[in-house]
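Each chain gets a letter, A, B and so on, in the order its sequence line appears, and its residues count up from 1.
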Amino acid sequence: MSSNPIIVWFRESLRLSDHPALYTAAMSGSRVTCSFVYDQESPGIRPLGGATQWWLAQSLRALRAELEALGADLVIRRGPAAKVLGELAREIKAGAVYWNDVAQAGPRAVAADVEAALGDIGVASRVFADDLLVDPAELRGKDGRGPRVFTPFWKRVLALVDPPKPLPTPARLACVTGASSLAIEALGLEPTKPDWAGGLRTTWQAGERAAQQRLTRFLEFAVHGYAGDRDRPDIEATSRLSPHLRFGEISPRQIWHTARFAAEERPACARGIDKFLSELGWREFSRHLLYNNPDLATRNLQPSFDAFPWTKDDAALAAWQRGQTGYPIVDAGMRELWHTGSMHNRVRMVAASLLVKHLLIDWRAGEQWFWDTLVDADPGSNPASWQWVAGSGADAAPYFRVFNPVLQGEKFDANGAYVRRWVPELARLPAGLIHQPWAAKPLELAEAGVALGRSYPSPIVEHKHGRARALAAYASLRTSD
DNA sequence: CCAACTTTGCG
DNA sequence: GCAAAGTTG
């Protein structure tokens with residue numbers, strides 16, 4: 001057996017349990033060095049947004065602490081992965097580098113460069129499937145386009161997939177010490193001058209341990225009512241696992257197996273668990289779309305949308321970003337996003353629909369804002385969902401689905417608790433008016449302390465007009481060619 | 001006549 | 001998903 005150590009290159013699986021590369025290295029009997037490379041330079045990498053940078057810093061801290069408990073450390077470096085890992089391999093005379101796959105075109109190209117650079121210096125590479133239930137290359141089909149419709153895609157995955165049982169955390173690691181590491185602070189991931197991360201810190205706990213705890217609690221308390229309550233932003237009815245999944249603090253296999261086991265134990269929860277797993281399916285579907293369309297964040301999947309008459313309106317975009325559109329459910333969501341780095345899924349759809357349909361602003365502007373502000377900003381789910389709302393995507397919402405922000409608010413935040421929490425200037429309005437303050441009588445506004453147009457804006461566009469204008473704009477797509 | 005409910009078109 | 005048109009009692 002070779003005495004040369006193995007480098008485990010941590011990419012987007014920042015955990016110790018169910019980590020195939022780490023587990024295999026630990027079991028090999030060789031000594032191990034764990035390394036993370038902050039690479040925003042290699043071609044094909046989409047630079048992280050502000051909120052995901054913040055999350056990454058917290059996640060690395062948690063990972064480092066978990067490794068220290070095993071007597072190992074985390075060697076953090078920055079720069080192009082091929083160069084950095086080549087240098088590290090030389091320094092510690094590594095015999096091999098192991099890593100978990102990131103099943104995307106850009107990250108796979110980076111990995112191919114790493115493999116080539118290591119090969120040049122006689123260092124072996126080994127890659128392990130990890131971040132998806134099914135390799136997207138397997139489902140590409142003969143047309144080479146990959147799956148386009150969610151339901152048949154997910155049925156196929158359900159029929160075909162039996163993900164391997166999650167691996168345990170290695171009991172011990174014979175580690176190599178001495179390689180120099182950057183401090184996490186040196187990566188510049190966290191805000192300094194204006195510290196905007198206060199709300200993020202009080203909302204989230206990053207790391208593998210917190211991720212496992214969330215899953216356990218969700219399956220214990222909330223999954224039973226998940227199918228019925230998941231659309232309500234006023235209660236905590238969802239798992240809130242998405243930012244943990246983003247950097248692989250928990251694996252899709254772990255979620256799958258834990259949820260499936262819970263369904264067997266408690267048949268009354270089976271419906272909620274199926275629904276929950278189908279949300280994991282949407283993540284999977286979006287990543288497959290990304291794999292087959294690497295420019296998903298910039299190019300319409302339906303080319304006919306290239307002719308769409310988007311409006312350039314920086315003032316309206318800014319009002320939307322700041323939660324000043326005059327539609328309470330939308331403003332609540334946009335402010336929740338700014339404060340916590342997250343937004344309830346239902347509200348994301350309504351807010352996105354308002355930007356794209358009522359304001360006719362290019363979905364890419366909204367996608368980029370979410371990319372910068374969401375702690376769960378995912379390279380697949382974020383652009384795929386924006387294209388879904390805009391109607392330019394695969395299996396997209398039909399063009400005529402224009403959410404009415406008042407009805408959506410009344411339906412899903414019926415007593416207004418969500419709006420009251422995030423739009424405090426409306427807190428004293430009764431439930432019947434809180435989603436449409438402009439419909440209140442002057443006396444009712446005065447009693448609630450609301451000065452429409454001063455303490456809270458009037459609607460940025462009247463719903464009826466916005467809806468009609470959106471339908472007309474979408475109609476122009478069909479007649480223009 | 002309306003209110004409550006169901007159906008249909010939206011390009 | 002919504003709103004207008006149609007149906008019922």
Side-chain angles (χ1 to χ4, degrees), chain A residues 148-151 154 226-234 237-238 275 278-279 281-282 285-286 300-311 316 320 325-334 343-363 366-367 370 381 384-416 418-419 431-439 458-481:
Chain A
R148 312 288 291 180
V149 184
F150 175 73
T151 306
W154 187 232
Y226 181 73
D229 292 342
R230 57 184 296 272
D231 276 318
R232 288 184 55 177
D234 57 332
T238 63
K275 190 79 199 158
S278 88
E279 295 305 311
W282 276 101
F285 181 60
S286 300
N300 293 305
L301 282 186
Q302 291 182 39
S304 63
F305 272 72
D306 294 348
F308 194 92
W310 301 114
T311 303
W320 178 81
T325 69
Y327 285 101
I329 191 76
V330 172
D331 293 338
M334 298 307 293
M343 194 197 306
H344 189 279
N345 178 255
R346 166 61 47 177
V347 188
R348 290 187 200 195
M349 292 192 283
V350 180
S353 173
L354 187 95
L355 185 78
V356 167
K357 303 211 164 162
H358 290 77
L359 299 177
L360 293 174
I361 291 176
D362 194 325
W363 62 267
E367 197 276 341
F370 274 26
S381 301
S385 304
W386 274 94
Q387 294 221 42
W388 181 87
V389 170
S392 64
D395 197 16
Y399 71 94
F400 51 77
R401 187 180 290 177
V402 179
F403 285 103
N404 179 330
V406 177
L407 296 182
Q408 289 285 310
E410 288 171 348
K411 187 167 178 193
F412 297 110
D413 180 35
N415 54 34
Y418 178 74
V419 167
L433 292 170
I434 198 162
H435 291 294
Q436 42 177 342
W438 59 89
S458 297
I460 191 165
V461 53
E462 191 222 347
H463 169 68
K464 226 175 126 178
H465 172 245
R467 175 189 151 85
R469 196 173 60 177
L471 290 177
Y474 278 79
S476 78
L477 276 193
R478 301 297 169 122
T479 48
S480 66
D481 54 17

Whole angstroms only, please: what is the [atom1]-[atom2] distance between [X] and [N]?
X        : N      : atom1 : atom2 : result
A/Tyr474 : B/dG11 : OH    : C1'   : 12 Å
A/Phe403 : C/dC2  : CZ    : P     : 7 Å
A/Asn404 : C/dG1  : CG    : C1'   : 9 Å
A/Met349 : C/dG1  : CE    : C1'   : 11 Å
A/Lys357 : B/dG11 : NZ    : C1'   : 12 Å
A/Gln408 : C/dA3  : CD    : P     : 10 Å
A/Glu462 : C/dC2  : CD    : P     : 16 Å
A/Glu410 : C/dA3  : CD    : P     : 11 Å

Quiz item: Of the nucleotides C/dA3, C/dG1, B/dG11, which has the atom closest to the A/Ala475 side chain?
Solution: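 Selected nucleotide: B/dG11.
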Quiz item: Where the side chain of A/Arg467 is defined as all heavy atoms beyond and including C-beta, which of B/dG11, C/dA3, C/dA4 is the nearest nucleotide?
Solution: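 In terms of side-chain proximity for A/Arg467, the closest of B/dG11, C/dA3, C/dA4 is C/dA3.
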Quiz item: Any side-chain heavy-atom pair from A/Pro405 and A/His358 closer than 4.5 angstrom?
Solution: yes
Quiz item: A/His463 side chain N/O closer than 4.0 Å to the phosphate oxygens (OP1, OP2) of C/dC2?
Solution: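 Negative; the distance criterion is not met.
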What's the shortest heavy-atom distance between [X] and [Y], and which atoms?
X        : Y        : value
A/Phe305 : A/Ala390 : CE2-O, 3.5 Å
A/Tyr418 : A/Ile329 : CD2-CD1, 3.9 Å
A/Arg232 : A/Asp234 : NH2-OD2, 2.8 Å

Practice problem: Give one of base, sugar-phosphate or nothing for A/Tyr399, where a contact means two heavy atoms less than 4.0 Å apart. | Solution: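 Base: the residue A/Tyr399, judged by heavy atoms under 4.0 Å, touches a nucleobase.
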